[in-house]
Each structure stands twice: as structure tokens, then as C-alpha cells.
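Written below as C-alpha cells is the structure these notes are about.
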2 protein chains.
Amino acid sequence: MFVVETVKEIREIIKKEKREGKKIGLVPTMGYLHEGHLSLIRKAKEENDFVVVSVFVNPTQFGEGEDYESYPRELERDSKLSQSAGADILFHPSVAEMYPKGYNTYVETYKITDKLCGVSRPGHFKGVTTVVCKLFNIVAPHRAYFGQKDAQQVVVIKQMVRDLNMDIEIIPCPIVREEDGLALSSRNTYLSQEERRSALILSKSLFKAKDMIENGERDALKIKEFIVNNIKTEPLANIDYVEVVDAENLEDIKILNGEVLIALAVKFGNTRLIDNICIKIS
Amino acid sequence: MFVVETVKEIREIIKKEKREGKKIGLVPTMGYLHEGHLSLIRKAKEENDFVVVSVFVNPTQFGEGEDYESYPRELERDSKLSQSAGADILFHPSVAEMYPKGYNTYVETYKITDKLCGVSRPGHFKGVTTVVCKLFNIVAPHRAYFGQKDAQQVVVIKQMVRDLNMDIEIIPCPIVREEDGLALSSRNTYLSQEERRSALILSKSLFKAKDMIENGERDALKIKEFIVNNIKTEPLANIDYVEVVDAENLEDIKILNGEVLIALAVKFGNTRLIDNICIKIS
């Protein structure tokens, strides 16, 4: 049995594996898997004996008017793909299994969730930390794998794990991109052909910003302005934010130093895309 | 080494015990142990191979103007008492160990925390669920023991455990009372002799209410009114609340049925005492 739907069942499976001394890796996803997810699964399989992929479109991390209903779901395809990438089990609980009647507990990391995506998606990270805490408690993995495309999510989850003393190693993995630079996302499927073409401005701007920095630019505002102006050359692009921040605590910075995260969110039509680049200033 | 102060150290000890197949019991306390706590420790020792008692006066569960600073602390005595009751280790972390600089994550159970003690102690249960979640993650016990004197706390923690899929059994233990009926509490030490004598009205009223119910009374309002009027005969008593609720979800009830909790909080001078009685209507 590759797809497991209940907490009880997956717990029994994991306990058995752990009794045999196996290391457990978890790859939490919302499904509609792409090469980015598969890279996480492969990495998890390299570093652990038993890999659980969870596929759960988590209602509590979607705001009103967001795409919870329309978020693409294709379990059979996800099942085949994750199996071929090395997953040992796919955990696919129902919403009622995860949030039964009378459910009322939430995990919230404050402050770093007020920035970047937290501004236009209030409550989003509260849903993320809650569901990830639950998945961590259900699967009790040694390591969990997250894509660096959701850079803020990685920072938030690391803080939750540290703050709540969860004994789990968080492994961020690099963004996987299409050949033309577009960061892989399950939401790319929403894009029209024209929007898809316009969206290339995101990675292009980030790569050019990286060049500027490699050529010595250290002024955060100049880099931000360059990216904003560059994106604005695309009439279909509607900027949500472009920020240059400290990669560890997401605080604004003026002068680039240490690990720097350049993160952005831009809408093309109804589709909100995010992308980022992380640069170590030496 | 009986007293352990760091997360790292206790984790190593627990992992070693678990590798040997031992069952772990946790008794979370704020210290200044009395016979109530010791009954939890003894019960934990009966049901588990290795018992951890935590002693941590948790700042996040005290409101402004409450007794965080003055809460009695006496570690050496706690250490001896818990050891004699069967504890294998006492975990006594510093505030900085539990809430290091930049700490920002909280666990909150909603709705059932708005009632009873939640009304006059806003934020109290958020502090409780947060610290208990942390202790559960640090110690990773099979079972955790809580006194039924904090009846709402037991309900809240059970809900948190259920909601967040924590794989831990919560064991509530009966209230331990002085011979004259006063429920044991570390806060009893605050009472003047006169207040101590007045405070007996709490258990007396609860026991009389129990008699009423055993004699057939099923009207929640009548029971509540009886208790309120009875307590008001003590001039030093200042009622915070007296409630007759469903023991499982803390919802108000009109007609007694199933498991009923009669809970109260009353101030004597600056000291706020709680007490309760749980009755199964058959």
C-alpha cells in the first residue's frame, strides 16, 4: 500500500520502520508535483532510509478569495511521480482527518510572518506552521525537506522548530527552474501563454541583480529599484513586493552584508508568483 | 545527576532510555511541590519505567499584575521530594533556555480557553499550551500527568494534543485535599490564617452541591446559585466565577447530564484559588 490516508495507519508504519532503526525523511507538499518537489524527494531518499511524501492542500493556509478550491489536484500522477523519485509512502489525509469537527488549535510564529508574503497573505503562515507542526507530529521524521522557492516559509519553519524544540532537521533545497529561468511552481499551470512569457521577467531581474552585486553593488535600495523598474517594463506584471532582506531574520537591510535574500511576489492576471535569490556576500 | 538544566542534556538522557525500550512519563510542574504533585509522580512511576518531573515557573502563562515574581520557588526541596516520590530526573531549565532571545512561536487553543479561568486570565492558556508543547517536544514522553485541580487546563491540553496529533497519552489525576477539604495548591502558602480558614468554604460548597445532585437536583442554575450564596457567607471571599459546565467541552449546561464539571475561582485577599468537582450523572 503506497497511499495512506489516516493518521493511525501512517503512525503504525513509521513506528515499525523506526523500530528497525530506519531514519525517516518527510517531504510535505500540496501535491501537483513538479521537478522541484521531485528534487526534494530524491534528496530525502539519499539522506534517509524511509521517505514519506505528504500531499495535502491545506485549507488553513489559504486566505479568502485565494485559490484553495481551484488549486490543482492530481493524486494518481503525484503517486506515480513520488514513487519513481524514491518515496516509500504517500500520505494523503482528508481535510476531516486533519481538521476534525471541533478543531481549534493553531501554531503561530510572530514577527517574521508580518513581512514579505505575510503582508498580502494574512494568516497564511499560521496555516503553514499549524499544518507542518501536525505533519511533524504525525510522521515524526528525522529530517524534513522544503524548497527554497518558498524562502520565507523555510525561515518561518526553522524558527518554529527552534522555538518549539522540535527534534527535526530542516533541509532547504535549491529552487528548480525551467530552462528559460521560470521557477517551478504548481501555480504556473494557471498562466496563459502570454503571462508565462511575461513571467520570465522575474528570474531575469533577479539574475541581473545578482550580476550587479557580483560587480560590487552593495546598496539595497538601488538593487530593489532596479528590480522594480525592470519588472515594470512588463505590462502584465503587477508587483506585490520586491524586498532585499537579511536571509536569516528577514529584517530590512540598507547595505548588503552576510547572507542576503532578494525576494519578490508579482501577479500576472490572477496568478501570484513568487521567486527569490539568496546571495552570500563575502 | 538528578537535576538537568538544558534541553540538550535531557534529550540525550531520554534517547538513551528509549533505546533501552523504556516508557517515559512526564510530570510538568511549576515546582514548590505538594502532595498533589507527588501523587502525580507516584502514578507516573507506577505506569512508566522512567519519570521526568519538570519544574519551570513559566513566565508566559502569567498575566500582568499576577504573581510570576512572587511565585514560590524552592528547588532543593522539590528535588528531594520528587526523588523520594520516584522521579528519575528533574528538568529545571532557565527562562533563557526555554525562551531564548528572538523567541516568537506560540501554540494556542481557541474557544475553550475563553471560558472559566480564561475570562479573568487572558493569555494564560496560550502560555500553558506553548510551554507544554515545548516540554512534550523536549521530553517526548509516552504519558504526561496533570492534576484535575486545574480542570480547564486538562481539557485544553487534551484538545491541543488531539488537534496537533501529539502521540502522548494525557493522564488526569484526582485532586488531593487537606484533611479539612482545602485543595492543595502551591498558592495556599500566600494565605493568612484567617483567609486559610475562610477558603474552606470552597470545598464545603462543592461537596454540598454534590450532595444536592446525589439527592436528585438537575438544575444547573440552582446549583450555581446555591454555591454562590454559600461562598458569599464568607466576607473574605471574592468570587471570580462559579460555573456548571459540560466536563468535556466546558460548554454551559442548563440541565445536568453526562459528565458535569462544577468549577470555581475565588479570591481571598490577593490570592486567587480554584477548585472543582467532576460528577458523572448516570
Side-chain angles (χ1 to χ4, degrees), chain A residues 6-8 10-12 14-15 18-19 21 54 60 91 93 97-115 118 125-126 128-140 142 155-168 246 248-251, chain B residues 6-8 10-12 14-15 18-19 21 54 60 91 93 97-115 118 125-126 128-140 142 155-168 246 248-251:
Chain A
T6 67
V7 172
K8 190 167 175 287
I10 193 152
R11 252 195 197 139
E12 278 165 18
I14 299 288
K15 278 187 182 164
K18 282 194 168 178
R19 272 197 299 274
S54 64
T60 65
F91 180 50
E97 179 77 3
M98 292 294 273
Y99 300 109
K101 193 168 173 287
Y103 187 93
N104 251 323
T105 304
Y106 293 86
V107 178
E108 190 162 9
T109 294
Y110 295 84
K111 219 178 149 195
I112 52 166
T113 52
D114 292 339
K115 307 164 196 284
F125 287 111
K126 185 175 178 179
V128 169
T129 42
T130 299
V131 80
V132 170
C133 173
K134 283 170 65 68
L135 290 168
F136 283 2
N137 285 336
I138 293 166
V139 177
H142 297 87
V155 174
V156 170
I157 287 170
K158 276 185 169 176
Q159 166 126 23
M160 172 185 76
V161 164
R162 195 169 58 240
D163 282 352
L164 295 185
N165 307 100
M166 294 169 166
D167 195 12
I168 296 172
D246 181 299
E248 211 168 300
N249 57 26
L250 308 183
E251 297 282 352
Chain B
T6 68
V7 172
K8 190 167 175 287
I10 192 152
R11 251 195 198 138
E12 278 164 19
I14 298 289
K15 277 187 184 166
K18 282 194 168 178
R19 271 197 300 271
S54 64
T60 66
F91 180 49
E97 179 76 4
M98 292 294 272
Y99 300 110
K101 194 170 172 291
Y103 187 93
N104 251 322
T105 303
Y106 293 86
V107 178
E108 191 161 8
T109 295
Y110 295 84
K111 219 176 150 199
I112 51 166
T113 52
D114 293 339
K115 306 164 196 283
F125 287 110
K126 185 176 178 179
V128 169
T129 43
T130 299
V131 79
V132 170
C133 173
K134 283 169 66 69
L135 289 167
F136 283 1
N137 286 335
I138 292 166
V139 177
H142 297 86
V155 174
V156 170
I157 286 169
K158 276 185 171 177
Q159 166 126 24
M160 171 185 75
V161 164
R162 194 168 59 239
D163 282 353
L164 294 184
N165 307 100
M166 293 167 167
D167 195 12
I168 296 172
D246 180 299
E248 210 168 300
N249 57 25
L250 308 184
E251 297 281 353

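Numbers restart at 1 for each chain; the letters A, B, ... are given by sequence-line order, proteins then strands.
A side-chain donor-acceptor contact under 3.5 Å links B/K134 to the backbone of A/D163. Side chain of B/Q159 to main chain of A/Y103: no donor-acceptor pair is present (N/O by atom type, distance under 3.5 Å, no hydrogens or angles). Although no hydrogens or angles enter the test, the distance criterion places no donor-acceptor pair under 3.5 Å between the side chain of B/E108 and the main chain of A/N104.
Only the side chain of B/K15 comes within less than 4.5 Å of a heavy atom in chain A; its backbone stays farther off. Heavy atoms closer than 4.5 Å to chain A are found in the side chain of B/R11, but not in its backbone. Contact of A/K18 with chain B is not made at all, since no heavy-atom distance falls under 4.5 Å. Heavy atoms closer than 4.5 Å to chain A are found nowhere in B/K8, neither backbone nor side chain. Residue contact with chain B, scored on non-hydrogen atoms closer than 4.5 Å, involves the backbone and the side chain of A/V107 alike.
Counting non-hydrogen atoms of neighbouring residues, nucleotides and ligands closer than 6.0 angstrom, the NZ atom of A/K115 exceeds 12 such neighbours. When the shell of 6.0 Å around CD of A/E251 is examined, it contains more than 12 heavy atoms from other residues, nucleotides or ligands. Residue A/K111 qualifies as open at atom NZ: its count of foreign heavy atoms under 6.0 Å is 12 or below.
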- request: Given side-chain contact (heavy atoms from CB on, under 4.5 Å), test B/D167 with A/I138 step by step and report yes or no.
  value: CA-CA 8 Å; B/D167 195 12; A/I138 293 166; over 6 Å; no
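If you take OH on B/Y106 and OG1 on A/T129, they are separated by 14.0 Å, rounding to the nearest 0.5 Å. The OG1 atom of B/T130 lies 7.0 Å from the CG atom of A/L164; values are rounded to the nearest 0.5 Å.
Between A/N165 and B/L135, every side-chain heavy-atom pair lies at or beyond the 4.5 Å cut-off.
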